[in-house]
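For reference, the structure is listed below as structure tokens.
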Amino acid sequence: MHPSSCDTFVALPPSTEGQRIIFGKNSDRPCDEVQEVVYFPARDYESNEKVECTYIEIEQVTHTHAVVLSRPAWLWGAEMGANEHQVCIGNEAVWGRESADGDEALLGMDLVRLGLERANTAEKAVDVITELLEKYGQGGSCMEDECGFTYHNSFLISDRKEAWLLETSGKYWAAERVEGGYRNISNQYGITTKIDKEHPDLREYARGKGWWDGKAQFNFATVFSFMTTARIEASGSRYCEGKKLLEKSDGHITAETMMDILRDKDSGINMEGMFMTTGSMVSVIPRDPSLPGVHYFTATPDPERSVFKPFIFVKNALLLKETTSPSYGPDDPVKKKPRFQSKPDRKHELFVKHELVAAITESYKDRGKKIAESVRQLEKAKMTQMEMEFLSQGVEEPDYLVNLFSSSVQEEMAVYGKS
């Protein structure tokens, strides 16, 4: 099974307004998969501790940064997220000449979380991910109930000053720095001849495989891609459509612009069907370090009928109970052998409410339209508040924001409750 899925975007000055970086991603996953939004505070560890990722255990670092993550509820890693230093990361599935390894190692989604927990800049996140890739490799099923679904990974990473595109094939990789303008990635290799960092044996490996003659200019995408399948054609179409949508607003890209792009169904970016958009994220990162980043997450499928709710990193931020799925601990089927015996209910509180409203909307169009108008008004009010109070003036009373995301979720559910 090799569906086309996912798009990630970043825009930097001069493409944006107000000296800000705007990051956005749709997570496109199986339509019956629940995506949760969770927060983990910063934490210190003993020097000999281990961390259990989705499939394998690796060495833990002595300090991890606070992170907010949007992730499929069955695994340890994340599709996308941010940390307290305003580093944002999203990953994409990519396929190329090299077969993706089915052996259990680190998932690309594990690498997203590890990069956020261990790096305070985008460039450092590139280093963290590539070092882990070299040491532990990437591999394992990327679906809860599909053993053969494996892929390589590309990553779009941003911070307050720049962005990095990191693309991998097995343990080999190339990275490109993006210092201005905009960039988007889909399910295809996009780094060409501008390579700012690379695996030390990348070119020799490609030459040994017969993919590069050692004389022509080295083009990572050309060397490591094959462009013949329908999957790549579909992702190429979405990539081009996403680029057009960014170009259309070049110089004036805002959070609202990014949300509109993620909601766009004509382009295929807001995906429907067996693989659909199950979670979305937009982050607004001011270059001014005295101002907070605001990270918006839906925690529900289809951004067109979802609310982007704000999260701001502050000391003593509370856990996000309404968007955290039930935990099964050691009894979780993912942790058992053989895996995939059963698929437990992973629906969190907001997901359940959202699902019920979707059914109402399908049956009662007028009622659904009224709900849609109410939740969009709620989203607009929250974004106006973030703009006027925090993105412009900073955070004077951090305790006021410890429950920001959860209170926004509760307001959303209150609208659903009136339906």
Side-chain angles (χ1 to χ4, degrees), residues 1 27 29-30 33 35-36 38 40 43-65 67 69-81 83 89-96 98-119 124-155 157 166-173 199 201 325 327-344 346:
M1 184 177 184
S27 172
R29 302 280 303 171
E33 184 179 79
Q35 191 137 159
E36 61 179 354
V38 291
F40 296 101
R43 186 176 168 186
D44 294 321
Y45 297 86
E46 298 296 330
S47 59
N48 60 347
E49 288 195 52
K50 305 286 187 180
V51 55
E52 186 176 355
C53 302
T54 302
Y55 295 129
I56 67 169
E57 185 179 77
I58 69 171
E59 294 178 1
Q60 182 59 284
V61 292
T62 56
H63 179 79
T64 56
H65 306 305
V67 296
L69 308 171
S70 185
R71 66 178 187 178
W74 63 272
L75 53 70
W76 182 86
E79 277 276 295
M80 52 200 171
N83 71 18
I89 309 180
N91 85 309
E92 306 288 343
V94 288
W95 294 267
E98 196 85 85
S99 296
D101 195 347
D103 293 340
E104 292 183 352
L106 290 174
L107 292 179
M109 292 174 279
D110 293 335
L111 291 166
V112 168
R113 177 172 174 177
L114 290 164
L116 290 170
E117 287 187 338
R118 301 181 179 197
K124 176 62 176 175
V126 172
D127 296 339
V128 166
I129 291 171
T130 55
E131 288 168 9
L132 290 166
L133 191 64
E134 177 73 16
K135 186 171 184 178
Y136 298 104
Q138 59 179 321
S141 177
C142 300
M143 286 171 56
E144 184 174 12
D145 53 3
E146 174 58 56
C147 296
F149 183 47
T150 61
Y151 48 73
H152 305 294
N153 291 269
S154 66
F155 304 86
I157 309 168
L166 169 62
E167 298 184 337
T168 71
S169 178
K171 70 175 184 177
Y172 297 96
W173 57 273
H199 188 287
D201 300 325
S325 294
S327 175
Y328 295 90
D331 294 326
D332 196 303
V334 174
K335 298 298 182 185
K336 289 187 173 183
K337 304 289 183 181
R339 292 195 320 277
F340 317 117
Q341 296 178 31
S342 61
K343 197 170 181 179
R346 302 189 188 277

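Counting begins at 1 with the first residue of the sequence.
One finds the NE2 atom of His63 at 10.0 Å from the CD atom of Glu117 (value rounded to the nearest 0.5 Å). Summarising the geometry, atom CD belonging to Glu79 is positioned 9.0 Å from atom SG belonging to Cys142; distances are rounded to the nearest 0.5 Å. Here Ile129 contributes atom CD1 and Leu166 contributes atom CG; the two are 6.0 Å apart, rounded to the nearest 0.5 Å.
Ring geometry, Tyr55 versus Trp74: the interplanar angle falls from 30° to 60°, so the pair is classed tilted.
Surrounding CD of Glu57 are more than 12 heavy atoms belonging to other residues, nucleotides or ligands, all under 6.0 Å away.
Remark: Glu59 pairs with Lys135 by the side-chain hydrogen bond (donor to acceptor under 3.5 Å, both in side chains) rule, at least two apart or across chains.
Using a distance-only test at 3.5 Å, with no hydrogens or angles considered, no donor-acceptor pair links the side chain of Trp76 to the main chain of Met109. Distance alone, capped at 3.5 Å, is enough to place a donor-acceptor pair between the Glu36 side chain and the Ser325 backbone. The backbone N or O of Leu107 sits less than 3.5 Å from a side-chain atom of Asp110, completing a donor-acceptor pair. Here the side chain of Arg346 pairs no donor or acceptor atom with the backbone of Glu33 at under 3.5 angstrom. Looking only at distances, a side-chain donor or acceptor of Gln138 sits under 3.5 Å from a matching main-chain atom of Gly170. Asp103 places no side-chain N or O within donor-acceptor distance of the main-chain N or O of Gly139, the cut-off being under 3.5 Å. Judged by distance alone, the side chain of Thr168 and the main-chain N or O of His152 form no donor-acceptor pair under 3.5 Å.
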Practice problem: Give the intermediate values and the outcome of side-chain contact (heavy atoms from CB on, under 4.5 Å) for residues Thr64 and Phe40. | Solution: CA-CA 9 Å; Thr64 56; Phe40 296 101; over 6 Å; no
